[in-house]
Number of protein chains: 4
Amino acid sequence: MADPSRAQAQRKRILDAAQTCFAERGFHGASMAKIAETAQMSPGLIYRYFESKSQIIRSIVELQLEQIADEINHPKHSHQSLAEHMFDDFYTRRRRHEDDRLWMDPGLIMEISAEAARDPVIGVALRRFDETVQARIEDWLRKPQTQGGLGIAEADVPAKALMLRLVIEGLKVRQTRQPDLDPALLRRCLDQLVQPLLG
Amino acid sequence: MADPSRAQAQRKRILDAAQTCFAERGFHGASMAKIAETAQMSPGLIYRYFESKSQIIRSIVELQLEQIADEINHPKHSHQSLAEHMFDDFYTRRRRHEDDRLWMDPGLIMEISAEAARDPVIGVALRRFDETVQARIEDWLRKPQTQGGLGIAEADVPAKALMLRLVIEGLKVRQTRQPDLDPALLRRCLDQLVQPLLG
Amino acid sequence: MADPSRAQAQRKRILDAAQTCFAERGFHGASMAKIAETAQMSPGLIYRYFESKSQIIRSIVELQLEQIADEINHPKHSHQSLAEHMFDDFYTRRRRHEDDRLWMDPGLIMEISAEAARDPVIGVALRRFDETVQARIEDWLRKPQTQGGLGIAEADVPAKALMLRLVIEGLKVRQTRQPDLDPALLRRCLDQLVQPLLG
Amino acid sequence: MADPSRAQAQRKRILDAAQTCFAERGFHGASMAKIAETAQMSPGLIYRYFESKSQIIRSIVELQLEQIADEINHPKHSHQSLAEHMFDDFYTRRRRHEDDRLWMDPGLIMEISAEAARDPVIGVALRRFDETVQARIEDWLRKPQTQGGLGIAEADVPAKALMLRLVIEGLKVRQTRQPDLDPALLRRCLDQLVQPLLG
DNA sequence: TATGAATGAGTCTTCATTCAT
DNA sequence: CATGAATGAAGACTCATTCAT
């Protein structure tokens with residue numbers, strides 16, 4: 001009677017609901033009851049698919065981090081200019097992924113960073129994914145432009161990858177606090193920041 | 001016999017304890033009982049000096065933001081190269097201010113950003129201080145180098161101020177997640193980022 | 001499976017327990033824990049059915065006031081002599097209504113009067129019900145005896161209604177303080193008071 | 001060093017303050033801190049003169065009851081018509097006694113009645129004073145008019161004393177809930193009630 | 001599988017009372 | 001005698017989790 005695909009679907013419903021609630025009210029502000037209501041199921045049922053609330057938080061964190069990692073060198077972005085991509089990303093907060101969950105919700109990013117300092121499991125996960133992302137960014141930077149990369153010299157890769165991360169993460173913070181930032185200004189800023197990255 | 005200096009000292013004890021607890025467990029993970037224990041006083045006593053837990057959170061937030069704002073154009077940094085300053089800051093997480101409270105605890109920065117999305121009072125405070133900081137950074141950028149500024153042309157000031165903020169805030173995030181980042185790498189990265197800022 | 005009748009039954013259990021506790025220890029002397037224990041449920045469960053303790057108090061107040069208002073011109077009393085009715089009422093403190101809750105608990109009446117001076121919601125409710133009761137008493141006084149009223153001349157109605165209320169409320173106070181009052185004495189007293197009311 | 005008159009004065013200050021606070025917020029709504037503030041002294045000092053808060057409540061109750069008992073056959077009222085006296089009393093809620101404490105604050109009367117059902121000491125005190133008052137009213141009723149009494153026949157005294165009490169206590173309740181009652185109406189009502197009392 | 005009522009430990013907060021000064 | 005800071009035991013209320021149905 002165990003239907004793995006149904007179980008999978010239920011887990012997804014829960015995670016979707018949890019993500020929505022967490023983005024709105026934070027990990028600690030969102031109650032299981034609210035998550036259950038959002039998922040249109042009973043609170044008790046959630047515990048058939050997740051051991052505890054912190055398991056849900058950890059799953060959300062893992063999913064978000066995976067999505068970020070996937071996004072970094074996603075083919076559809078490789079032909080875009082880097083600045084353009086970051087620019088577009090900034091103003092499309094509410095864009096939804098194909099699985100209907102928000103992609104890198106900036107509020108969640110802050111929550112995750114804060115939670116990482118507390119839940120050691122999340123801390124480890126965050127650091128592990130940080131490394132993955134780092135590796136992918138570096139790959140992307142050093143891959144020749146003919147293969148969708150930037151073709152940067154090996155010696156410059158680590159520093160430039162770090163530069164990229166600083167700006168990307170700084171953008172996430174700005175996105176949370178100043179989502180209506182003047183687009184023209186941001187565009188100019190990003191162009192100036194990215195030029196030396198590529199040059 | 002109402003001793004204002006004692007009251008002040010008690011408030012400080014409470015804020016110090018709260019900051020420690022908040023940095024360790026987050027605003028919502030730290031209980032008043034734990035804060036009281038850390039401050040070595042009874043839970044009830046805290047309420048002689050603060051109306052509620054959220055008043056304490058708001059006080060912490062204001063203090064942190066004030067410290068950041070003060071630090072931005074502190075004279076002792078104006079003669080330092082910008083990259084050097086940011087570099088030093090990164091590796092001195094546990095440096096304590098003269099009043100013995102941690103200066104810009106990176107974990108707290110994440111908490112504040114997360115909390116701002118929930119507590120509207122903190123949201124407003126954060127936005128107000130953002131504007132203050134923005135103004136100070138711009139002042140600093142446009143002030144002639146003879147007066148300790150960077151002497152940047154007016155037209156470039158807004159974009160460069162934004163660049164600066166992105167990198168600063170990106171550094172805060174990195175500081176939380178990767179405090180043992182290779183110093184040589186960071187140094188190289190910052191130099192490359194800051195050069196175009198000044199040029 | 002949301003069972004409205006169960007919810008109704010639970011609300012009743014809570015109100016019954018609350019009324020018992022309030023009558024014994026007063027609105028402020030009765031703790032939610034004690035009410036929960038009396039209702040044989042956990043404290044948390046109460047909050048599924050009532051928003052707060054003061055909502056419970058208000059519900060009790062409303063119920064008591066409704067019962068009083070209902071009782072005033074209840075058909076079964078209209079054919080009784082007025083004095084007889086008041087007399088009977090005095091000595092049946094512990095009589096329970098068909099819904100098993102005490103009817104016009106005299107201790108509660110004092111609590112309500114005291115609380116009305118503090119909780120404005122209760123103050124308003126009390127004044128509103130006062131008016132309702134006033135209107136019903138007046139109706140009863142002026143309705144012809146053939147219809148179960150007293151057939152009192154319109155000009156005399158307001159003063160006689162007030163007389164009635166003074167005596168009724170005075171009886172409530174006596175009931176609290178001197179429940180074992182000599183029946184024969186009370187009977188004689190009421191007869192003398194009511195005669196001029198009717199005459 | 002023990003100055004009995006000073007101690008007496010301090011006790012009075014405390015009781016005055018307590019009465020004010022209790023009348024405004026009830027026995028349980030008034031905190032010791034508020035009473036201390038009203039008495040313009042420190043909370044700690046109160047405990048030099050009273051063992052506990054409930055001792056203060058009991059003292060207040062005793063004082064109120066004594067004042068009521070005293071007032072009943074106070075010479076200055078004996079030459080007044082009874083109805084007139086009750087009428088005057090109704091509309092002079094804020095009149096202050098020579099010792100500056102409110103006389104028979106109606107709100108307090110409700111508090112006391114409610115508290116009597118809870119604190120057995122107060123219950124006993126209330127019943128004891130009830131008896132005293134009863135005796136005094138009866139004395140007054142049976143004393144010849146030449147001596148300031150009403151000269152009522154012995155056989156009628158108990159019932160008429162009870163009638164008097166019912167109306168007096170009913171008036172207290174009305175005073176709490178409907179202090180702006182139409183004076184002409186009340187006058188008419190009282191006249192009709194008191195006539196048979198005297199006749 | 002699903003419900004949602006029920007639990008109870010834990011949270012913030014208040015306040016009568018004590019005690020060092 | 002007097003202060004008021006300090007205590008700590010409740011109190012109202014919340015919410016993750018369980019379990020009978």
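As the structure is a prediction and not an experimental result, all values here were calculated from the model. Both backbone and side-chain heavy atoms feed into the values below; hydrogens, waters and symmetry mates do not. Lettering follows sequence order; numbering is per chain, from 1.
Of the candidates dA12(F), dT17(F), dG8(E), dA12(F) carries the atom nearest the S31(C) side chain, counting heavy atoms from C-beta on. Taking the side chain of R6(D) as heavy atoms from C-beta on, and the options dC1(F), dC13(F), dT11(E), the nearest nucleotide is dC1(F). You'll find that the side chain of S42(C) is closest to dA6(E), out of dC1(F), dC13(F), dA6(E).
Taking atom CZ of residue R25(C) and atom C1' of nucleotide dA10(F), one finds them 13 Å apart after rounding to whole Å. At whole-Å resolution of the value, CE in M32(D) and C1' in dA6(F) are 16 Å apart. At whole-Å resolution of the value, NZ in K34(B) and C1' in dG10(E) are 15 Å apart. One can place CD1 of I35(B) at 18 Å from P of dG10(E), the figure rounded to the nearest angstrom. Rounded to whole Å, the distance from CD1 on I14(A) to C1' on dT3(E) is 14 Å. Atom C1' of nucleotide dA10(F) and atom NE2 of H28(D) are separated by 15 Å, given to the nearest angstrom. Put simply, CE on M41(C) is 12 Å from P on dA5(E), counting in whole angstrom units. The nearest whole Å value for the distance from the CD atom in Q55(D) to the C1' atom in dA16(E) is 14 Å.
Minimum heavy-atom separation, A116(B) to I122(B): CA-CG2, 3.8 Å. Of all heavy-atom pairs between I56(A) and I46(A), the closest is CD1-CG2, 3.7 Å. When all heavy atoms of S113(C) and M110(D) are compared, the closest pair comes out as CB-SD, 3.4 Å. Across every non-hydrogen atom of L15(C) and I60(C), the tightest pair is O-CD1, 3.4 Å.
Each of R13(C) and G29(B) was matched to the nucleotide of DNA chain E holding its nearest heavy atom; the match closer to the 5' end belongs to R13(C). Each of P43(A) and A33(C) was assigned the nucleotide of DNA chain F with the nearest heavy atom; the assignment lying further toward the 5' end belongs to A33(C).
Defined by atom type and a distance below 3.5 Å, a donor-acceptor pair is missing between the side-chain atoms of Q8(C) and R11(C).
Contacts of A7(B) with the nucleic acid, taken as non-hydrogen atoms under 4.0 Å apart, are absent. Residue A36(B) is classed as having no contact, given no heavy-atom separation below 4.0 Å to the nucleic acid.
Looking only at side-chain heavy atoms (C-beta outward), Q55(D) and S52(D) come within less than 4.5 Å of each other. For the pair M41(C)/I14(C), a side-chain contact is recorded, criterion being any heavy-atom separation below 4.5 Å from C-beta on. Using a 4.5 Å cut-off on side-chain heavy atoms (C-beta onward), F27(D) and H28(C) make no contact.
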Strand DNA chain F in bracket notation, Watson-Crick/G-U under 3.5 Å with | for pairs to another chain: .||||||||||||||||||||

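Interatomic distance, OG of S31(B) versus CD of E37(B), reported as 8.5 Å (0.5 Å rounding).
The phosphate of dA6(E) has OP1 or OP2 within less than 4.0 Å of a side-chain N or O from Q10(C).
Listed by residue number, G44(B), L45(B), R48(B), Y49(B) are the residues of residues 44-51 of chain B with a heavy-atom contact under 4.0 Å to DNA chain F.
Annotation: side-chain hydrogen bond (donor to acceptor under 3.5 Å, both in side chains) contacts of R25(C) (sequence neighbours excluded): none.
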